[in-house]
Amino acid sequence: MSQQKVDQHKKEKYNRKQIMRKQKREQLLMRICGAVFALAIVGWIGFSVYNKIEASQPVSYTEVDMDALTDYISGLN
């Protein structure tokens with residue numbers, strides 16, 4: 001091996017811990033970003049499906065006869 005390769009090998013060996021730490025940090029960051037992205041997609045799909053199901057449900061209205069309550073309140077005065 002040439003002296004240049006030997007020096008490069010020594011330099012890499014000397015900085016191996018820092019390089020490994022940096023690579024682990026980058027891998028962790030990529031995994032976290034991927035998980036957040038996947039969670040966002042799953043949430044968006046779930047929300048879309050929920051909205052479509054709710055839109056297809058018939059809306060029920062309830063009518064309330066307030067005449068008795070109105071008569072009672074007017075009788076108090």
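Here the structure is a predicted model, which is why all the values come from computation and not from measurement.
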Q: Report whether Val36 and Val42 are members of the same hydrophobic cluster (ILVMFWY, side-chain heavy atoms less than 4.5 Å apart, transitive linking).
A: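 Result: no, two separate clusters.
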
Q: Taking atom CD of Glu63 and atom CG of Asp65, what is their separation to the nearest 0.5 Å?
A: 9.5 Å

Q: In sequence, state the C-alpha distance, the side-chain angles, and the governing distance for His9 and Lys5, and then conclude on side chain to side chain contact (heavy atoms under 4.5 Å, CB included).
A: CA-CA 6 Å; His9 182 71; Lys5 287 184 180 181; over 6 Å; no

Q: About how many Å separate CE of Met20 and CG of Asn15, when rounded to the nearest 0.5 Å?
A: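 Taking CG in Asn15 and CE in Met20, the distance rounds to 13.0 Å.
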
Q: Test side chain to side chain contact (heavy atoms under 4.5 Å, CB included) on Lys10 and Val6; report intermediate values, then the result.
A: CA-CA 6 Å; Lys10 284 183 182 180; Val6 171; 4.0 Å; yes

Q: Would you give the length of the straight line joining atom CD of Gln27 to atom NZ of Lys24, rounded to the nearest 0.5 angstrom?
A: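 Answer for the CD-NZ pair, Gln27 versus Lys24, is 9.0 Å.
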
Q: Just wondering, do Lys22 and Gln18 contact through their side chains at under 4.5 Å, heavy atoms?
A: no

Q: Does a sphere of radius 6.0 Å around CD in Glu12 hold more than 12 heavy atoms from other residues, nucleotides or ligands, not counting ones at 6.0 Å or beyond?
A: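 Check passes, neighbour count above 12.
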
Q: Once you round to the nearest 0.5 Å, how far does CG of Leu28 lie from CD1 of Ile32?
A: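 Answer for the CG-CD1 pair, Leu28 versus Ile32, is 4.0 Å.
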
Q: In Å, rounded to the nearest 0.5 Å, how long is the span from CG of Asp71 to CE of Met66?
A: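 Separation between the atoms: 11.5 Å.
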
Q: Quick check: is Ile53 connected to Val59 through a chain of hydrophobic side chains (ILVMFWY, heavy atoms under 4.5 Å apart)?
A: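 No, it is not one cluster - the side chains of Val59 and Ile53 are not joined through contacts under 4.5 Å.
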
Q: Measure the shortest side-chain to side-chain distance between Glu54 and Tyr50 over non-hydrogen atoms and say whether it is less than 4.5 angstrom.
A: yes

